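Everything below concerns the one structure shown next.
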Amino acid sequence: MDPQRLPGFLLRRIIKAAIVILAIVVCNFFLIHAAPGDPASVIAGQSGAADERYLAQLRTQFGLDRPLLEQLWIYVRGVLTLDLGYSHRQQMGVAALIAQRLPATLLLTGAAFVFAVVGGVTLGALAARRVGTWADSAITVLALTFYATPIFWVGLMLVLLFSVVLGWLPSFGMNTVGADYTGIVAVLDVGKHLILPALTLGLFYLAVYARLTRATMLEVADQDFVKTARAKGVPEGRILRRHILRNALLPVITLAGIQAGQLVGGSILVETVFAWPGIGRLAFEALLARDYPVLLGVFFCTSAMVVIFNIFTDLLYALVDPRVEVQG
């Protein structure tokens, strides 16, 4: 990768990313408003005062009485200045609300992503190295099992085993309720609460990376340059690391870069099952309450993260394989 081409590449990708995010913002706005119900109806119903006059007052307060295109312009104008609106249900700005919940989601998805990539590549490499043996069969069966099992069921079974039966790990939340831990004790407490949701979210992707790594390593092992290296007497361990695994990682990096952003959106179910206080659970609560500003803010945040991860993946791809040139 030529360092002189990097600024131009980043500039082109940022411009394209801005266009993509703007298109996603507009599409999400229309999709949200096409759904039945609105925040005014939900709030009025919960307060027991769902008469037309009260509904009209709420819709005026929320700006829902304005034409749809005018609402869109107000929202897009706010997004351009990073003003994501105000949640009347939460009584605070959407940007501040997301900023409170985002670290928990990044911690969960980051731990799940590292676990999935490291574990998947390790198991896939082991299966490819021991192809045709019992270890290969066991890893393949295990990967297929995790791939085919619904995430919510895996989470419930992990809670049943490690929390209810064995009592080793907490079953919900991010920290112990009522325990004012500080320092390293607080970090360890969060770590204990993180294990089960991170495993639940990461096992599916671990299975994907394990199968992909095994398949690509077996394919690369049959290439001519690998046979030439063996004919020259290069040690098998070096061939595995420098020639087979390095080239086999390219499709894994591509898929991992795409799924890194998807993990944030896919955390909704896991955060709901484990009561993890992230933006996934926030989106679920906002959906039930028809809290449009919060939903749109979460969608904007996740789409921006997906685009950022894709740019980072392109750069990482070029670092792993110097033959790849970054292009806009």
Side-chain angles (χ1 to χ4, degrees), residues 9-35 39 68-69 71-87 90 92-110 112-113 116-117 151 201-202 204-205 208 253-272 276-317 328:
F9 163 78
L10 290 177
L11 179 61
R12 291 192 298 270
R13 289 304 302 268
I14 290 174
I15 294 175
K16 292 180 180 179
I19 296 173
V20 169
I21 293 175
L22 181 60
I24 292 174
V25 165
V26 174
C27 291
N28 284 337
F29 179 87
F30 285 116
L31 288 174
I32 288 295
H33 284 77
L68 189 59
L69 292 180
Q71 295 182 47
L72 173 62
W73 166 244
I74 294 174
Y75 176 68
V76 171
R77 185 177 59 188
V79 169
L80 293 176
T81 60
L82 297 182
D83 179 9
L84 302 181
Y86 185 82
S87 172
Q90 301 284 349
M92 64 184 304
V94 174
L97 189 60
I98 291 177
Q100 284 184 358
R101 300 289 193 98
L102 186 58
T105 295
L106 292 179
L107 176 62
L108 171 60
T109 55
F113 181 73
V117 172
I151 291 180
L201 186 58
F204 172 82
Y205 296 97
V208 174
I253 290 174
T254 302
L255 184 62
I258 296 173
Q259 291 182 337
Q262 294 177 348
L263 275 171
V264 178
S267 65
I268 294 177
L269 185 59
V270 174
E271 290 185 3
T272 303
W276 189 264
I279 62 173
R281 188 180 175 198
L282 176 65
F284 180 74
E285 295 169 350
L287 177 63
L288 296 179
R290 298 296 191 274
D291 197 341
Y292 290 167
V294 173
L295 272 176
L296 290 173
V298 172
F299 291 159
F300 169 74
C301 181
T302 54
S303 61
M305 292 178 67
V306 169
V307 171
I308 293 172
F309 282 132
N310 285 338
I311 296 175
F312 178 75
T313 303
D314 289 340
L315 295 174
L316 185 61
Y317 204 92

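All values derive from a computational prediction rather than experimental measurement.
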Heavy-atom check, side chain of Arg281 versus side chain of Thr105, under 4.5 Å
no

> Does Leu108 reach the side chain of Phe113, with side-chain heavy atoms less than 4.5 Å apart?
Replying inline: no

Taken in chain and number order and not counting sequence neighbours, the residues that satisfy side-chain contact (heavy atoms from CB on, under 4.5 Å) with Ile308 are none

Rounding to 0.5 Å, atoms CD (Glu285) and CG (Leu295) come to a distance of 11.0 Å

For atom OH of Tyr86, decide whether the heavy atoms of other residues, nucleotides or ligands shown that lie under 6.0 angstrom number more than 12. yes

Correct closest heavy-atom pair for Val94 and Gly297 would be CG1-CA, 4.1 Å

Here the pair of heavy atoms bringing Val298 nearest to Ala283 is CG1-CB, 3.9 Å

Does any non-hydrogen side-chain atom of Cys301 lie less than 4.5 Å from one of Leu102?
-> yes

Residues passing the side-chain contact (heavy atoms from CB on, under 4.5 Å) test with Ile24, sequence neighbours excluded, are Val20, Asn28, Ser303

For Ala104 and Pro277, the nearest pair of non-hydrogen atoms, with its separation, is CB-O, 3.4 Å

Go through Trp276 and Val270 one step at a time and tell me if the side chain to side chain contact (heavy atoms under 4.5 Å, CB included) criterion holds.
-> CA-CA 8 Å; Trp276 189 264; Val270 174; over 6 Å; no

Phe29 meets the side-chain contact (heavy atoms from CB on, under 4.5 Å) criterion, sequence neighbours left out, with His33, Leu68, Gln71, Leu72, Tyr75, Leu296

Here the pair of heavy atoms bringing Gly202 nearest to Ala116 is O-CB, 3.5 Å

Taken to the nearest 0.5 Å, the spacing of Thr109 OG1 from Tyr205 OH works out to 10.5 Å

Taken to the nearest 0.5 Å, the spacing of Ile98 CD1 from Met92 CE works out to 10.0 Å

- [ ] Answer yes or no: is there a side-chain heavy-atom contact under 4.5 Å between Thr302 and Ile279?
- [x] yes

### Query
Are Leu106 and Met305 close enough, and set up right, to give a side chain to side chain contact (heavy atoms under 4.5 Å, CB included), and what steps lead you there?
CA-CA 11 Å; Leu106 292 179; Met305 292 178 67; 3.2 Å; yes

